[in-house]
Amino acid sequence: MGETRKIALTVNGKRYEEEVEVRVTLADFIRHQLGLTGTHLGCEHGVCGACTILFDDRSARSCLMLAVQAEGHDILTVEGIAPSPDKLHPLQQAFHEHHGLQCGFCTPGILTTLIEFLRDNPDPTEQEVRIAISGNLCRCTGYQNIVTATLDAAKRLRAQPAQSP
Amino acid sequence: MKPPPFRYHDPKTVSETVGLLASLENAKLLAGGQSLMPMLNFRFVLPDHIIDLNRVDGLFYIRDAQGALEIGAMTRQRDLEFSEAVRARWPIMHEALLQVGHRQTRNRGTIGGSLCHLDPAAELVSLAMGYDATVMVAGSNGEREVPFAEFPVAYMTPAIEANELVVGVRFPQWAPKRAREVEQAIVGQVPAGTLFRDACESCRKLEAIDDVQAPASYRQHLAAVLSRRALEKAHARLLEAHAVRPH
């Protein structure tokens, strides 16, 4: 084992203190050390978007960050999106109802990307949604139902009072 | 384990960073990580030391310096994209930024990182070249400035020494320099599709890279087509701005 460091960070509202090897990516740390395997790894070089998480409320590719860089920061993964274990986030609900996924591999990265996007742009056009997910590769859906679900989720989110995330 | 083993340093000041650069062998600076991290994951680079700039004070800013735009090296591409000042006064920078990666990479990617990575296909590199930007570099002997025309010394190799780092970049208000033939062909002429098309044909004579991704002739073709589209877009905007409004 190479050089290690002790880091403290918040993931999905829970505080963690962990010893990490300095060369471990944030993605591997989240999956292997914290056991949060909802964050998926596709390409591991920043192309596919499957590993997207929110880092201090901004989307980022967790395969392109080191775990040590998360010291003192706040992370949201797909596990932290739903308001409770038995209730989906409106975005997740819309994906469920509109068949916005098939195999689901890319879904965690798409959901986290869209959480940020809909917060920045609550009333997007179809074209804006397509641009927003242009950094997320999906090999099943052809994106059509993802876009439909997102536009529907935006409508639902606009109709309800502000909530987090 | 993707990246190779290295020692990790996260200095808090520029002088601490310069000190590390001067004392460490085979060190790499980590800015936004959107190019270096893939290279580490592929093990294309094998540094003994990573010096992370993300906690260095004083490298995150966008400010007006007597009409010029000064940007701290660690300023995220996203912050430039959402800057009202950039949008209002350097609109082409805003346009260019929308073509840089994706939201997820612009949230992390920095202007200094992009300029130092110096990928010839990078939007920010072309922009810095087109604007005749000035790069501010810090080293053991203090700060110096490098005109962007002298910044690339070879393919993906910036004119900075191993013990130096880029701390900022300055964009003058406007300094059109490139594609002079196109400029000369359109100045004083009445805008028209045929004028733009003919003027942009000279882009086919620009020097271009020939590599595995695309032959030079294709890149020259793109330069002609995209330049023409840019002129058409600018012309359409002008017409829109000057459209006679009904009383």
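In what follows, chains are A, B, ... by sequence order, proteins preceding strands, each numbered from 1.
A donor-acceptor contact shorter than 3.5 Å links the side chain of B:Asn41 to the backbone of A:Glu44. A donor-acceptor pair under 3.5 Å links the side-chain atoms of A:Arg23 to the main chain of B:Pro3, judged by distance alone. Remark: the backbone N or O of A:Ser59 is paired with a side-chain donor or acceptor of B:Asn107 at under 3.5 angstrom. Using modelled atom types, one side-chain atom of A:Glu3 and one backbone atom of B:Tyr8 make a donor-acceptor pair closer than 3.5 Å.
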From CA spacing to verdict: side-chain contact (heavy atoms from CB on, under 4.5 Å), B:His102, A:Thr52: CA-CA 12 Å; B:His102 305 282; A:Thr52 303; over 6 Å; no
side-chain contact (heavy atoms from CB on, under 4.5 Å) evaluation trace for A:Arg61 with B:Met37: CA-CA 10 Å; A:Arg61 304 205 191 287; B:Met37 284 297 299; over 6 Å; no
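B:Arg89 CZ: more than 12 foreign heavy atoms inside a 6.0 Å radius. By the neighbour-count criterion of 12 heavy atoms within 6.0 Å, atom CD of B:Glu25 is sparsely surrounded, having that number or fewer from other residues, nucleotides or ligands. Atom NE2 of A:His32 has more than 12 heavy atoms from other residues, nucleotides or ligands within 6.0 Å. More than 12 heavy atoms of other residues, nucleotides or ligands shown are found within 6.0 angstrom of CZ on A:Arg58. More than 12 heavy atoms of other residues, nucleotides or ligands lie within 6.0 Å of NZ in B:Lys12, so this atom counts as buried by the packing criterion. Counting heavy atoms of neighbouring residues, nucleotides and ligands inside a 6.0 Å radius, atom OH of B:Tyr61 exceeds 12 of them.
Contacts between B:Leu30 and chain A at a heavy-atom distance below 4.5 Å involve the side chain alone, from C-beta outward. Using a 4.5 Å cut-off between heavy atoms, B:Arg106 makes no contact with chain A at all.
Closest approach of A:Val22 to B:Phe6, counting heavy atoms only: CG2-O, 3.5 Å.
A 4.5 Å side-chain heavy-atom check between A:Leu41 and B:Lys2 finds every atom pair outside the cut-off. Two residues are said to be in side-chain contact when any heavy atoms from C-beta on lie closer than 4.5 Å; B:Arg103 and A:Thr113 fail this criterion.
Distance CD1/A:Ile53 to CD/B:Gln104: 10.5 Å, rounded to 0.5 Å. Taking CD from B:Gln34 and NE2 from A:His45, the interatomic distance works out to 12.5 Å, rounded to the nearest 0.5 Å. In this structure, CD in A:Gln69 is found 5.0 Å from CG in B:Asn54, a value given to the nearest 0.5 Å.
Heavy-atom pairs under 4.5 Å with chain B were tallied for A:Thr112, A:Val47, A:Asp120; the largest tally goes to A:Asp120. Among B:Leu36, B:Asp52, B:Leu40, the residue with the largest count of heavy-atom pairs under 4.5 Å with chain A is B:Asp52.
The contact list for residues 128-145 of chain A toward chain B, using heavy atoms and a distance under 4.5 Å, reads A:Ser134, A:Gly135, A:Asn136 by residue number.
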